[in-house]
Amino acid sequence: MEIKNVQIANIFNRMADILEFKGENSFKINAYRKAARVIQDLTEDIETLAKEGRLRDIPGVGEGIAKKIDEYIKTGRITRYEEIKTEFPESLIDLSDIVGLGPKTLRLIYRELGIKNLLELQRAIENGSLANLPQMGEKKVENIKQGLKLFQASRERILLGFALPEVLGLISELQKLPEITNISPAGSLRRLKETVGDIDILVAGKDGRKIIEHFVHLPSVREILAAGETKASIITADGMQVDLRVVEENSFGAALQYFTGSKAHNIKLREMAKKKGLKLNEYGVFMGEEKIAGKNEEEVYEALNLPWIPPEIREDSGEIEAASNHNLPQLVQPDDILGDLHLHTNWSDGSCSIEEMAHHAKTLGYRYIAICDHSQSVKYAGGLTEDKLLRQIEEIARLNEKLSGTGFKPGIRILAGSEVDIKNDGSLDYPDWLLEKLDIVIGAIHTGFKHNVTERICRAMEHPLVKIIAHPTGRLISSREGYVIDLEKILEKASQTKTALEINSYYERLDLNDLNCKLASELGVKFVINTDAHHPQHLWMMKLGVGVARRAWLNKDSIINTQPLPERLPKFTINK
DNA sequence: GCCGTTTTCGGCCCGACTGTTTTCAGTCG
């Protein structure tokens with residue numbers, strides 16, 4: 001459904017690139033970019049909005065852009081785009097993604113040297129013709145050369161689950177320095193976006209030079225890109241670029257706010273500040289010359305008459321308006337999670353015993369877990385035969401005796417479950433008499449990703465024992481697209497059958513993602529946040545899934561594993 | 001091209017850095 005949203009957003013972004021190249025009014029260009037971003041983040045189908053004549057309700061969409069959207073939906077094309085697209089070679093506009101090569105320079109090399117594509121740009125660098133242009137010195141050519149290298153490598157963004165532990169490690173190393181009075185990750189990492197580009201760490205402290213000296217000589221640093229008094233950039237042994245910035249203590253909040261972004265959120269805040277006769281920048285909030293806030297984020301927001309806004313929702317997608325109306329959501333927190341309902345063990349393709357998983361879960365403060373190993377037809381993952389599942393149910397009963405809390409020692413409850421494969425006809429991989437012996441049944445697709453997946457999942461959700469659908473879209477971030485599905489249909493069926501959809505926290509999945517969760521939530525769907533852990537060391541990823549939920553504005557009431565288990569098991573109660 | 005509790009016209013976030021200049025343009029975040 002959101003396909004048209006993405007297509008239209010892409011066109012507007014491309015139009016902005018072309019208009020920028022043409023040297024059009026920069027505010028017009030920004031208008032296109034803003035519209036593109038808002039449309040991309042929309043949870044509603046833009047086609048529906050168009051049919052209902054509600055396009056103009058989208059912030060950033062006015063008369064001109066609404067007309068173009070209507071045209072695209074009716075005819076599949078936008079005349080204005082087709083016109084300007086033919087004025088210049090596509091391969092030329094592609095070059096605008098090169099860092100260090102802005103629209104002005106691009107226009108210069110096109111006009112003066114006739115450069116139209118990557119290859120010609122490379123040649124111009126090599127034969128020195130680029131360096132001969134006016135305003136073009138040695139350094140600038142070198143910059144473009146570097147940008148070109150990055151562009152060709154088309155540097156991939158880093159998975160959050162990969163970057164987060166690394167950054168927390170760096171931070172705990174840095175905290176040992178007494179000169180550092182405050183420290184925090186910033187940027188998209190702090191907003192818990194599923195992938196991050198550069199990694200930003202912000203520090204408040206006295207002796208910038210010393211702090212940076214310490215930072216660039218940490219053991220995990222492979223290469224130093226820059227090291228000044230207030231800013232340093234390094235490459236870690238894992239190949240991640242990390243920027244450290246040092247600021248004065250009384251500007252830490254303003255700088256943290258600024259470097260956390262998002263850019264769109266910051267722009268809106270600055271507009272607000274301006275309307276109030278204030279000025280907001282990375283040093284503080286100013287009334288004339290006087291600084292009225294900046295030491296911490298709370299007072300920065302307060303100076304603008306706003307409550308503090310959690311970083312995860314700072315995307316200018318309604319959070320500022322909600323804050324103004326004192327209507328911010330009570331976002332679910334990591335501590336709200338009472339159990340993990342999707343764990344694997346060495347009974348199928350996990351690497352540890354049920355008891356080991358339970359022990360680790362207990363150290364995290366969980367009150368319950370569910371063991372959901374694979375079902376019989378998932379051979380490659382060691383799916384359990386019917387007999388083996390029966391034996392596992394007995395083993396879990398035995399462990400529950402052993403691990404149940406006594407007196408002052410709280411225990412942990414292990415639920416017997418299964419991640420049951422949804423077969424090609426939508427039936428389940430175990431017979432009902434066996435499923436009925438389980439505390440919890442999760443349905444999942446593992447084969448036939450292009451084969452009637454929507455119908456299969458919907459049929460599985462109609463089964464009264466299927467309480468959860470695991471990783472509902474099947475995507476792997478930056479490596480697999482996911483099943484071919486009609487997501488909206490699935491969400492509606494989930495809402496109707498009261499089947500919870502999983503937010504799978506495994507770092508490569510994060511499935512459902514933030515936008516899909518937001519959409520699902522609007523349709524009244526319930527969620528469960530699981531790790532799908534195959535090893536105790538995967539359990540920490542719960543915080544990634546909680547991040548997804550927070551980015552989707554979810555509160556704890558819509559997430560079933562924030563609820564305590566009923567006194568008497570066996571059956572996990574989701575009323576279907 | 002969008003938008004409006006000062007406006008339907010005249011604004012549109014803000015600062016740092018870099019490189020090439022000699023007071024500033026271009027680019028980035």
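The chains referred to below are lettered A, B, ... by the order of the sequence lines, with proteins before strands, and numbering in each begins at 1. Being a predicted model, the structure only gives us computed values, none of them experimental.
Look at B:dT5: its glycosidic torsion is beyond 90° from 0, and that puts it in the anti range.
Counting 5' to 3', DNA chain B first comes under 4.0 angstrom of a heavy atom of chain A and last does so at the ends given by B:dG1 to B:dG29.
Spacing of P atoms, B:dT6 relative to B:dC12, comes out at 16 Å, to the nearest Å. To the nearest whole angstrom, the two C1' atoms, one in B:dT21 and one in B:dT7, are 39 Å apart. Nucleotides B:dT23 and B:dC17 place their P atoms 23 Å apart, quoted to the nearest Å. Going from the C1' atom of B:dA25 to that of B:dT8 covers 34 Å, rounded to whole Å. Of the C1' atoms belonging to B:dG1 and B:dT5, the separation is 24 Å, rounded to the nearest Å. For the C1' atoms, the distance from B:dC13 to B:dC28 is 14 Å, rounded to whole Å. Distance check on atom P: B:dG19 versus B:dG10 gives 40 Å, rounded to whole Å. A gap of 23 Å separates the C1' atoms of B:dC14 and B:dT20, to the nearest Å.
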Quiz item: Can you check salt bridge (charged side-chain N to carboxylate O under 4.0 Å, His left out) on A:E24 and A:K22, steps first, answer last?
Solution: CA-CA 6 Å; A:E24 282 259 7; A:K22 281 163 69 88; 5.1 Å; no

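A:R107 pairs by the side-chain contact (heavy atoms from CB on, under 4.5 Å) definition with A:F21, A:K104, A:R111, not counting sequence neighbours. Residues passing the salt bridge (charged side-chain N to carboxylate O under 4.0 Å, His left out) test with A:E47 are A:K4, sequence neighbours excluded. Residues passing the ring pair (Phe, Tyr, Trp, His ring centres under 6.0 Å) test with A:F527, sequence neighbours excluded: none.
Backbone-only contact: A:K68 has heavy atoms under 4.0 Å from sugar-phosphate atoms and none from a base.
Within 6.0 Å of CD in A:E492 there are more than 12 heavy atoms belonging to other residues, nucleotides or ligands. Annotation for A:E302: atom CD does not count as buried by contact number, only 12 or fewer foreign heavy atoms lying within 6.0 Å.
A salt bridge links A:D94 with A:R14: at least one charged nitrogen is closer than 4.0 Å to a carboxylate oxygen.
Between A:I98 and A:F27, the one whose closest nucleotide on DNA chain B sits nearer the 5' end is A:F27. The nearest heavy atom of DNA chain B to A:R56 and to A:N266 marks one nucleotide each, and the one closer to the 5' end goes with A:R56.
Remark: B:dC3 base-pairs with B:dG10. Criterion, Watson-Crick or G-U wobble with two distances under 3.5 Å.
For the segment residues 200-215 of chain A, the set of residues with a heavy atom within less than 4.0 Å of an atom of DNA chain B is empty.
The backbone N or O of A:E142 sits nowhere less than 3.5 Å from a side-chain atom of A:Q146 that would complete a donor-acceptor pair.
Sorted by first and then second residue, the pairs that involve residues 171-183 of chain A and meet salt bridge (Lys or Arg N to Asp or Glu O under 4.0 Å), not counting sequence neighbours, are A:E173-A:K176, A:E179-A:K210.
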